[in-house]
Amino acid sequence: MANPRMLKLPEVLEEIEMSRAAFYRMRARGKAPKLIKLPNGHLRCRRSDLDAWWESNEITDAA
């Protein structure tokens, strides 16, 4: 089974156009995309988790 596409934290930060400090503040509030901590301490984000985060933050027209 192939592993899902995993993004490095700098890739996530670039895509969402946010500084590392702002991202960690958002993460502390529980509003950031889901991250996975690898045994070496590095953080990764599944492409599907980032896409789901984008969708959950989408603004729709209020009727």
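We use all heavy atoms of the structure for the numbers below, so side chains are in, but hydrogens, waters and symmetry mates are not.
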Next item on the list: Decide yes or no for Leu43 and Arg27: does some side-chain heavy atom of the first lie under 4.5 Å from some side-chain heavy atom of the second?
Entry: yes

Next item on the list: Using a 4.5 Å cut-off on heavy atoms from C-beta on, say whether the side chain of Leu35 contacts that of Phe23.
Entry: yes

Check: To the nearest 0.5 Å, what is the distance between CE (Met26) and OG (Ser19)?
Finding: 9.5 Å

Next item on the list: Return yes if some donor-acceptor pair links the side-chain N/O of Asp49 with the main-chain N/O of Cys45 below 3.5 Å, else return no.
Entry: no

Margin query: Quick check: do Arg5 and Arg46 have side-chain heavy atoms less than 4.5 Å from each other?
Written below: no

Notebook entry, point to check: Are Tyr24 and Leu13 in one and the same hydrophobic cluster, where Ile, Leu, Val, Met, Phe, Trp and Tyr link if side-chain heavy atoms are under 4.5 Å apart?
Noted result: yes

Notebook entry, point to check: In terms of heavy-atom contacts, does CD of Glu14 have more than 12 from other residues, nucleotides or ligands at under 6.0 Å?
Noted result: no

Note to self: Assess whether a salt bridge exists between Arg47 and Glu15, defined as any Lys/Arg side-chain N lying under 4.0 Å from an Asp/Glu carboxylate O.
What the structure shows: yes

Next item on the list: Rounded to the nearest 0.5 Å, what's the gap from NE2 on His42 to NZ on Lys37? Could you check?
Entry: 10.5 Å

Next item on the list: Answer yes if Ile36 and Leu7 sit in the same cluster of Ile, Leu, Val, Met, Phe, Trp and Tyr residues linked by side chain heavy atoms under 4.5 Å apart, and no otherwise.
Entry: no

Next item on the list: Indicate the atoms forming the closest heavy-atom contact of Glu11 with Lys8, along with that distance.
Entry: OE1-N, 2.6 Å

Note to self: In the structure I gave you, are the side-chain heavy atoms of Ser56 and Lys31 within less than 4.5 Å of one another anywhere?
What the structure shows: no

Checklist line | Any Leu9 side-chain heavy atom under 4.5 Å of Arg20 side chain | finding: yes

